[in-house]
Protein chains: 2
Amino acid sequence: MIVEPVRDRRAERHQATRTEILEAAWELARAHGLAALTLRDVATKIGTRPPSLYWYFHSKHAIYDAMFADANRQLLERIAKQAWPDDPREAMRLLAHVVVEFSTADVARYQLMFQRTIPDFEPSAESYALALEVLEQGRQRFHAAGLADPADFDLGAAVMAGLSAQQTANEPGGDRWVRLVDDAVDMYLDHVFSKTAGGRRQP
Amino acid sequence: MIVEPVRDRRAERHQATRTEILEAAWELARAHGLAALTLRDVATKIGTRPPSLYWYFHSKHAIYDAMFADANRQLLERIAKQAWPDDPREAMRLLAHVVVEFSTADVARYQLMFQRTIPDFEPSAESYALALEVLEQGRQRFHAAGLADPADFDLGAAVMAGLSAQQTANEPGGDRWVRLVDDAVDMYLDHVFSKTAGGRRQP
DNA sequence: GTCTATATCCAGATAGAC
DNA sequence: GTCTATCTGGATATAGAC
């Protein structure tokens with residue numbers, strides 16, 4: 001009779017090496033640019049040869065795809081672990097800080113998630129579903145703050161995207177735009193709440 | 001005695017071919033992605049062989065650099081030819097439309113100007129000066145609208161950048177964020193003018 | 001000015017030994 | 001699972017004939 005093992009040590013080892021490959025890829029992307037990533041460099045970094053990587057990923061794009069999924073999972077986790085305030089303004093402030101700081105903390109990750117830097121890369125359906133989940137979580141945060149209009153969401157997302165884009169492109173690693181987050185949220189909320197009766201202004 | 005020719009036909013021809021190369025490069029960048037540009041494709045498109053391009057540009061990066069300069073000149077021209085209204089709100093609306101529509105009209109151009117897509121590309125001092133001139137023109141527009149605070153400029157630029165970034169990344173060619181421009185400008189101006197005594201709200 | 005030929009190097013990917 | 005060897009194809013760039 002065949003006994004199903006509780007833990008599959010081989011699968012665990014396989015997964016561990018996959019993770020190691022991805023971590024090397026992230027480091028290289030951060031250091032030399034997302035588009036400059038090569039399998040040769042990844043292999044060298046983890047002490048193997050390029051063909052060995054194909055045991056874990058069937059192509060270079062599959063690595064990008066796993067990185068894309070990874071990045072979205074990181075952001076989902078970041079969102080999930082916050083204690084979201086009931087006050088709409090506080091909650092939106094927190095959301096904006098989470099998003100902008102996440103975006104500006106790693107330019108390569110930001111490019112992979114939010115820009116179309118790699119000419120042929122399209123995320124797989126599974127990875128793209130994670131990106132949609134990020135979007136959905138964002139929408140829920142807006143909704144919880146009393147903002148249900150899709151156009152309001154688009155405008156709010158654009159404000160966060162704008163701060164992130166300016167910071168990463170013009171002063172990567174700095175905080176010239178990051179420190180405008182609270183002011184930007186006030187600007188945004190004053191505007192969208194003034195169209196309804198909902199909001200309160202901070203004293 | 002040597003007669004200085006009024007027109008240098010050879011130089012004109014040289015310049016015309018340079019322009020032809022750049023136009024081919026733009027078309028290819030738009031079609032296949034900025035990072036996917038190759039000298040082979042550029043040469044083929046204008047009916048020559050790759051080595052011939054070196055008569056006009058001493059490297060591939062020199063082509064990117066000329067494209068970068070070209071893009072900034074285009075935007076400067078676009079800014080210069082507008083009839084700028086005296087009314088601050090009207091002027092800022094126009095500026096935002098010019099910037100966002102320019103950005104979203106050509107994703108490759110947008111990436112080259114405002115994102116760090118090509119890993120090793122740094123514009124030359126001459127080309128970068130044009131980018132600074134674009135920035136300076138923007139600052140002057142803000143100043144003319146009564147906005148002299150550098151942080152106000154950064155926030156306003158971020159709003160325009162955010163709409164552009166979202167539009168190019170999530171719906172290239174569409175207008176889901178472009179059509180939020182007027183609303184975004186109102187949001188921004190109401191905010192910055194409310195901090196001083198300056199502004200007027202549109203009826 | 002444009003070409004052929006080539007240098008040099010590198011990429012991603014596969015076959016098959018071990 | 002990892003390797004060597006190799007395929008295939010591409011890149012940028014240069015030398016030198018014409």
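Naming convention: chains lettered A, B, ... in sequence-line order (proteins, then strands); numbering from 1 in each chain.
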Once you apply a heavy-atom cut-off of 4.0 Å, does B:Pro51 come out as touching a base, just sugar-phosphate, or nothing? base
Quick one: B:Leu37 CG to D:dG10 C1', roughly how many Å, whole number? 14 Å
Nearest-neighbour nucleotide for the A:Lys60 side chain, C:dT2, D:dA13, C:dG12 considered: C:dG12
Without decimals, in angstroms, what is the distance between B:Tyr56 OH and D:dT12 C1'? 19 Å
Nearest-angstrom distance from the residue atom NE2 of B:His32 to P of D:dG10: 14 Å
Please tell me whether B:His14 and B:Asp8 have a donor and an acceptor in their side chains that are separated by less than 3.5 angstrom. no
Hey, is the side chain of B:Tyr54 poking within less than 4.0 Å of OP1 or OP2 on C:dG1, counting only N and O atoms? no
Side chains of A:Trp177 and A:Asn170: closer than 4.5 Å at any heavy-atom pair? yes
B:Arg40 side-chain N/O to D:dT12 phosphate OP1/OP2 under 4.0 Å: no
Indicate whether OP1 or OP2 belonging to D:dA11 is found under 4.0 Å from a side-chain N or O atom of B:Thr38. yes
Atom pair distance, as rounded to whole Å: CG in A:Leu53 and P in C:dA11: 12 Å
Sugar-phosphate, base or nothing in reach of B:Ser59, heavy atoms under 4.0 Å: sugar-phosphate
Between P on D:dT12 and NE2 on B:His58, what's the gap in Å once rounded to a whole number? 15 Å
Output the rounded distance in Å from CH2 (B:Trp55) to C1' (D:dA13). 16 Å
Could you give the CG-to-P distance, from A:Leu39 to D:dT8, as a whole number of Å? 20 Å
Indicate yes or no: does B:Arg139 engage B:Glu136 in a salt bridge with an N to O separation below 4.0 Å. yes
Would you say the side chain of B:Glu101 lies within less than 4.5 Å of the side chain of B:Gln167, judging by non-hydrogen atoms? no
Find the distance B:Arg49:CZ to C:dT6:C1' and express it as a whole number of Å. 15 Å
Mind checking if A:Phe57 touches a base, just sugar-phosphate, or nothing, with heavy atoms under 4.0 Å? nothing
Can you tell me which nucleotide in C:dT4, D:dG1, D:dC3 comes closest to the side chain of A:Arg10? D:dG1
Quick check for you: to the nearest 0.5 Å, what is the distance between A:Asp87 atom CG and A:Leu94 atom CG? 11.5 Å
Between B:Thr48 and C:dT2, is there a side-chain N or O to OP1/OP2 distance below 4.0 Å? no
